[in-house]
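What follows is a short report on a single structure.
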Amino acid sequence: MSPSAPPAAAPVSVTVSTQQAGTTAGEVLRAAGVKDSAVARIGGQLRDLAHVVHEGDVVEAVPYASEDGRAVLRHSAAHVLAQAVQDLFPGTQLGIGPPVKDGFYYDFLPERPFTPEDVAAIEKRMEQIVRQRQRFSRRVVSEEDARDELADEPFKLELVGLKGSSSDDDGSSAALAGGEETVEVGGGELTIYDNLVGEELVWKDLCRGPHLPTTRDIPAFRLMRTAAAYWRGDQRNAQLQRVYGTAWESRDALKAHLTMLEEAEKRDHRRLGTELDLFSFPDEIGSGLAVFHPKGGVVRMAMEEYSRRRHVEEGYEFVNTPHITKGTLFETSGHLDWYAEGMYPPMQLDAVGDKPGADYYLKPMNCPMHNLVFAARGRSYRELPLRLFEFGTVYRYEKSGVIHGLTRARGFTQDDAHIYCTRAQMADELASLLTFVLGLLRDYGLEDFYLELSTRDPDKSVGSDEAWEEATAALQSVADASGLELVPDPGGAAFYGPKISVQARDAIGRTWQMSTIQVDFNLPERFGLEYAAADGTRQRPVMLHRALFGSIERFFAVLLEHYAGAFPAWLAPVQVVGIPVHSDYDGHLLAVADRLRRRGVRVEVDTSDDRMQKKIRSAQRAKVPFMLIAGEDDVLKDAVSFRYRDGTQENGVPVDEAVEKLVAAVESRA
RNA sequence: GCCGGAUUAGCUCAGUGGUAGAGCAACCGCCUUGUAAGCGGUAGGUCGUCGGUUCAAGCCCGACAUCCGGCUCCA
């Protein structure tokens with residue numbers, strides 16, 4: 001996402017001499033010829049350049065263009081934002097203003113929400129503050145003084161209070177949301193930063209720092225958008241107005257970031273879905289419910305066909321289950337206890353007179369249905385692992401504000417499988433499952449993965465400690481064996497068991513959660529699932545849940561954005577377009593197309609009365625992988641000329657050769 | 001669900017209280033010879049829906065729907 005960092009030279013590091021003792025970190029670094037240090041690192045702590053050093057201190061430069069340097073300059077930019085807002089809207093109360101990925105934000109409680117015009121004015125005021133070269137001056141304060149100075153800032157006072165009431169850092173972190181709080185009150189002492197013009201105090205804010213020396217040192221920033229945010233991330237708290245900005249070490253870096261955002265916008269699957277005529281979300285159907293048009297439908301078909309083939313090869317068996325069921329099934333599974341509010345409300349059917357009927361629900365998950373397939377007859381250990389697979393469409397009543405194109409929908413199709421195995425088989429099964437998952441994702445063109453291990457949330461889970469530990473250990477060892485980076489996600493598990501999720505990075509470095517693999521001891525229990533073991537006893541199977549794509553719609557969206565609409569030939573809705581140089585050559589291309597179609601290639605010939613150049617433009621915009629152009633030269637030689645999607649060409653290719661070449665390109669899934 | 005913004009032709013968007021516009025796409029006609037837009041014409045909109053203010057509403061107000069950006073959520 002971010003522009004590549006400059007060549008990684010080791011940061012300059014200086015040991016403070018006797019003569020330098022009592023000067024500042026900034027002076028020490030300047031003396032060593034360092035000009036691009038945002039702050040200094042001393043004893044592992046980031047400090048202002050104005051920090052007074054002692055003999056023997058090791059002062060390390062922190063370049064603007066480093067992770068820490070950017071965080072500091074963004075934090076300073078957040079301060080300038082807050083100052084600008086309070087200049088323009090006196091009485092606006094301050095929340096928090098931390099640096100975040102690619103930028104910063106500051107939360108405010110203004111008298112009225114900010115308008116776009118307000119934001120433009122705020123940005124202008126920020127530029128003035130930057131030009132004023134205000135000095136950020138650090139001052140340690142007692143809790144009492146802080147309360148006094150911050151009497152008009154109730155949110156800041158709350159932070160002071162939280163700090164005061166907690167005995168250690170862990171306590172204060174737990175009391176606040178997300179680790180952002182330390183920007184205000186972390187560390188050992190309370191500090192206030194004064195903004196000085198000359199010696200005149202023009203603004204101040206409770207802040208741990210560190211900061212750039214002056215506002216003028218903020219190299220490049222821009223305000224991005226406003227949004228609402230709950231105070232300390234809690235829905236029960238006041239709703240604040242958040243202003244987001246981005247800030248960088250140089251104008252070029254800012255420009256590169258904005259260009260990247262434009263690129264991401266061009267790739268947005270909702271935009272491409274319309275442009276390429278792949279799918280839509282008709283209002284008449286309802287929010288979050290997609291229809292796939294023919295071009296989207298054929299891509300989806302290609303995705304599904306390949307997945308089916310691979311599942312057959314891996315020993316999966318295919319089942320089909322209904323979309324709707326009596327509520328008793330979800331009582332058995334526990335969904336109605338745990339997730340009723342995520343489900344569409346029930347419809348009441350079969351009432352007779354005053355006798356109530358049954359509640360029927362749309363299914364939010366496929367697993368209960370698959371359990372019924374397992375339980376349909378007696379099972380033997382000889383059948384295990386039993387792998388049941390289904391493209392199962394599920395419906396979840398997502399809250400209105402969270403719906404987002406195909407990636408967060410209310411109806412979607414999971415490539416869902418449930419594997420029933422013995423405890424002894426579990427480890428091997430998980431290992432081969434992960435290999436299968438990663439291999440399949442690679443086949444679709446994703447290459448760069450890491451894993452996330454979601455473990456138990458004690459408040460939102462069922463089952464014994466021992467079972468959780470066993471399952472977690474099994475997943476952990478599989479994850480370790482994969483050699484992939486593993487990120488812990490404590491408390492992120494589903495209520496019935498821990499999970500590994502595969503995260504994939506796309507072509508422009510964004511990460512998407514793809515496959516999940518979950519271990520479940522709980523549902524087999526609830527459903528009373530059993531198999532006959534070799535010794536004749538009845539045993540309970542372990543159940544593994546897994547979806548490779550997550551949902552087909554979502555995976556479709558991820559691939560669409562990953563490829564920016566330019567699908568590889570095997571997935572492209574139209575793989576080949578024939579373009580005659582003149583309508584006299586339509587027949588030649590129609591014959592070639594006919595041969596290709598018989599070989600399973602999706603091919604069209606553009607026989608419209610547009611001119612050739614226009615046809616090329618149309619095919620190019622439709623992101624068709626191969627154009628076959630034919631004019632007099634080609635027809636005389638029984639040949640065609642290729643134009644590839646990147647604009648390169650290969651002229652006069654004999655038709656026989658061209659057909660084989662195209663068939664090979666499609667079949668190789670290149 | 002919450003806060004803010006948006007909704008005008010299939011798409012992208014102009015239109016600040018006085019008889020609805022453009023480009024592209026579609027359709028028709030003429031044209032067509034080598035790698036990203038040939039020319040001309042035709043058709044297409046109860047301006048998201050419902051209600052209100054006004055002599056008059058695409059424009060002002062309200063409710064609802066949908067979308068967008070966040071927050072919260074995400075089995």
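Since we're looking at a predicted model, the values are computed, not measured. By convention in this document, chain letters (A, B, ...) are assigned in the order of the sequence lines, proteins followed by strands, and residues within each chain are numbered from 1.
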Give a yes or no on whether a donor-acceptor pair under 3.5 Å exists between the nucleobase atoms of B:rG34, that is its base, and the side chain of A:D634.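 Result: at least one qualifying N/O pair found.
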[M] and [N], which share atom name [atom1], separated by this distance in whole Å:
N: B:rA9; M: B:rG34; atom1: P; answer: 40 Å
N: B:rC24; M: B:rA20; atom1: P; answer: 24 Å
N: B:rG23; M: B:rC30; atom1: C1'; answer: 22 Å
N: B:rC55; M: B:rU16; atom1: P; answer: 23 Å
N: B:rU12; M: B:rA57; atom1: P; answer: 29 Å
N: B:rA25; M: B:rG62; atom1: P; answer: 40 Å

List the residues meeting ring-ring contact (aromatic ring centres under 6.0 Å, His included) with A:Y230, not counting sequence neighbours, and say none if there are none.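 A:Y230: no ring-ring contact (aromatic ring centres under 6.0 Å, His included) contacts found.
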Heavy atoms, side chains only, cut-off 4.5 Å: are [X] and [Y] in contact?
X: A:E123; Y: A:F221; result: yes
X: A:Q620; Y: A:M627; result: yes
X: A:M224; Y: A:T246; result: yes
X: A:F281; Y: A:L289; result: no

Mind checking if [X] touches a base, just sugar-phosphate, or nothing, with heavy atoms under 4.0 Å?
X: A:Q241; answer: sugar-phosphate
X: A:S618; answer: nothing
X: A:Q613; answer: sugar-phosphate

Stems formed with participation of RNA chain B [Watson-Crick or G-U wobble, under 3.5 Å, three or more pairs]: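 Stem list for RNA chain B: B:1-7 with B:65-71, B:10-13 with B:21-24, B:26-30 with B:38-42, B:48-52 with B:60-64.
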Closest listed nucleotide, where the reference is the side chain of A:R611 and the choices are B:rU35, B:rU32, B:rU33: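 Side chain of A:R611 sits closest to B:rU32.
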State which of B:rU33, B:rG34, B:rG69 makes the closest approach to the side chain of A:I629.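 The closest nucleotide is B:rG34.
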Report, as a single string ordered 5' to 3', how protein heavy atoms within less than 4.0 Å touch nucleotides 40-48 of chain B: B base, S sugar-phosphate only, - not at all. ---------
Walk along nucleotides 70-75 of chain B from 5' to 3' and tag each nucleotide B, S or - by protein heavy-atom contact under 4.0 Å, base first, then sugar-phosphate. BBBBBB
Hey, does the side chain of [X] come within less than 4.0 Å of [N]'s phosphate (OP1/OP2), counting only N and O?
X: A:K615; N: B:rG38; answer: no
X: A:R112; N: B:rC3; answer: no
X: A:R621; N: B:rA36; answer: no

Can you list every side-chain hydrogen bond (donor to acceptor under 3.5 Å, both in side chains) pair that touches residues 628-640 of chain A, not counting sequence neighbours?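 Qualifying pairs: A:D634-A:S641.
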Rounded to whole Å, please give me the gap between CG in A:D609 and C1' in B:rA26.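 So the CG-C1' distance, A:D609 to B:rA26, works out to 13 Å.
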With a 6.0 Å cut-off on the ring centroids, do A:F527 and A:F374 count as close?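 No, too far apart.
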Between A:Y644 and A:F642, is the gap from one ring center to the other below 6.0 Å?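 Ring-ring flag for A:Y644/A:F642: true, centres closer than 6.0 Å.
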Classify the ring geometry between A:Y585 and A:H582 as parallel (under 30°), tilted (30 to 60°) or perpendicular (over 60°).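 Ring orientation, 0 to 90° scale: perpendicular.
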Where along residues 277-289 of chain A does a heavy atom fall under 4.0 Å from RNA chain B?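 Under 4.0 Å from RNA chain B: A:D283, A:S287, A:G288.
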